Amino acid sequence: MVTGFFIWVKQAAAILQKDIKVEFRTKYSLNSFLMFALTTLVLVSFSVGPYLLDEVVHSALIWIILFFSAMGGLARSFVKEQEKGTVYALKLSAVPETVYLGKFIYNLSLLFLVIIIVIPFYIFFLSPPVGNPGLLALVLFLGSLGLAAASTILAAIVSQANVKGNLLPVLAFPILLPLLTAAINGTRLALEGFPLGKAMAELQILISFFAIMFTVSLLLFNFVWET
Amino acid sequence: MTWKIALGIWMALVIAASFLYAPPALGLGEVSRIIFYHVPLAWVAVLAYLVSMVNAVQYLRTGRMEFDRRTSFNAEIGTVFALLATVTGAVFAKNTWGAYWNWDPRQTSIFVLLLIYAAYFALRSAVEEEEQRARLSSVYAILAFLTVPFLVFIIPRVYSTLHPDPIINVEGRLKMNTQMLQVFLASLAGFTGIYFWIYNLQTRIIKLQEKFKKDMRG
């Protein structure tokens with residue numbers, strides 16, 4: 001049992017390592033993901049111009065930028081295996097659940113990188129009031145956990161469809177809506193400077209959403225992956 | 001055959017009783033009669049979606065194509081009933097809250113429910129191979145169903161709603177007088193009967209499709 005678990009973790013780590021290596025050779029995913037987020041951000045900044053926005057609008061804009069750039073950036077993770085034909089080798093050599101786990105951690109790290117770069121730029125360009133930076137970081141962290149967990153399995157579904165184009169945002173939006181509502185509200189509370197205790201309900205929704213999505217994705221991934 | 005005629009008469013009586021026999025609710029006036037249609041429609045929508053989800057699980061367990069057909073059939077029926085529930089709800093909202101649509105948590109949740117199944121149908125149309133379509137869309141149906149508790153129980157608790165209490169509320173009490181309750185339960189039973197009629201038709205269509213496919217092969 002323990003050794004089984006160890007092999008499992010090792011396989012997931014190997015898949016993660018492979019993805020990171022491929023990414024560092026081309027830097028395609030990260031670049032397109034990041035540039036999409038930054039262009040959206042600059043567009044927002046241009047159109048808002050000198051006007052002062054309130055916290056509700058700021059938190060909505062932050063999550064709209066993150067959601068759509070994540071949809072663009074994370075959709076690639078399985079499609080690229082399909083396009084290069086490496087998907088069959090992966091199916092033969094790895095346990096399905098470890099593929100999910102490896103891809104999930106890879107997507108999560110991409111998302112973290114983008115957030116670490118985009119959020120300071122957002123604060124730089126639009127200067128929203130950040131009342132409680134710790135809570136903001138926590139909401140972004142928990143929100144991206146759920147976002148990555150759901151979009152990893154959905155990206156695997158989309159990669160097998162005949163029409164890959166814009167399917168991921170269509171499939172992801174209704175599933176992610178509870179997460180987005182809670183994350184936007186939590187971000188608003190953080191910007192307005194409320195203490196941690198006031199955002200307990202939002203944080204609980206974010207944590208439970210991640211836990212449910214992650215567990216069920218592990219259970220169901222086998223069905224998506226097999227042929 | 002007889003039970004279909006009986007159902008027809010039953011529904012005619014329910015419609016007549018909802019206008020003539022039941023009194024209007026206090027404070028809401030004649031608009032309140034919509035409850036005899038709105039709630040049963042929403043109930044049938046939830047029932048059809050539930051059956052759809054159960055069939056998706058069954059498909060993944062057994063891999064038999066008829067379960068997938070039933071999943072998509074029930075998703076279609078659920079969507080039709082959910083649309084009707086949305087429209088009747090909007091009519092009620094216009095007359096009591098002053099606008100057809102105001103993003104009340106209840107309206108948000110039914111809107112997302114419709115979006116989920118629109119996405120489900122979009123996914124189905126995007127996959128050509130039959131078995132793959134069944135597999136992928138079943139997984140999506142289960143994933144999507146998981147968001148329902150968030151939408152129905154958690155979000156309306158965090159944000160306040162104007163929607164009248166669901167019939168089975170936290171205290172577990174019914175807030176209707178006897179005549180209203182009679183018509184309401186009769187309507188609920190009638191609409192459930194209509195759902196089973198449709199379900200019956202589905203089973204026959206699925207059987208005919210299977211037979212037709214076999215004849216085509218042989």
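Quick note on labels: first sequence line is chain A, next is B, and so on, each numbered from 1. This one's a predicted model, so the numbers in the text were calculated from it and none came from an experiment.
No more than 12 heavy atoms of other residues, nucleotides or ligands sit less than 6.0 Å from atom NZ of B/Lys207. In A/Lys198, the NZ atom is not crowded: 12 or fewer heavy atoms of neighbouring residues, nucleotides or ligands sit closer than 6.0 Å. Heavy-atom neighbours of A/Phe112 CZ from other residues, nucleotides or ligands within 6.0 Å: above the threshold of 12. Environment of CZ in B/Phe196: sparse, with no more than 12 heavy atoms of neighbouring residues, nucleotides or ligands closer than 6.0 Å. Environment of CH2 in B/Trp197: sparse, with no more than 12 heavy atoms of neighbouring residues, nucleotides or ligands closer than 6.0 Å. The number of heavy atoms from other shown groups lying within 6.0 Å of CG (A/Asp54) is above 12.
Between A/Leu177 and B/Leu115 the shortest side-chain heavy-atom distance does not fall below 4.5 Å.
A/Leu176 does not touch chain B: none of its heavy atoms, backbone or side chain, sits under 4.5 Å away. In this structure, chain A has heavy atoms under 4.5 Å from both the backbone and the side chain of B/Leu60. Neither the backbone nor the side chain of A/Phe221 comes within contact range of chain B; no heavy atom of the residue lies under 4.5 Å from a heavy atom of that chain.
Here the closest heavy-atom approach between residue A/Val224 and residue B/Arg135 is recorded as O-NH1, 3.4 Å. Residues B/Leu136 and A/Gln160 approach most closely at CD1-CB, 3.8 Å, considering heavy atoms. Shortest non-hydrogen contact noted between B/Val112 and A/Pro174 is CG1-O, 3.7 Å.
The structure places OG1 of B/Thr147 at 11.5 Å from CG of A/Leu179, a figure rounded to the nearest 0.5 Å.
Of the listed residues A/Leu220, A/Leu171, A/Ile212, the one with more heavy-atom pairs under 4.5 angstrom with chain B than any other is A/Leu171. Here A/Ile157 is the residue among A/Leu167, A/Val170, A/Ile157 with the most heavy-atom pairs under 4.5 Å with chain B.
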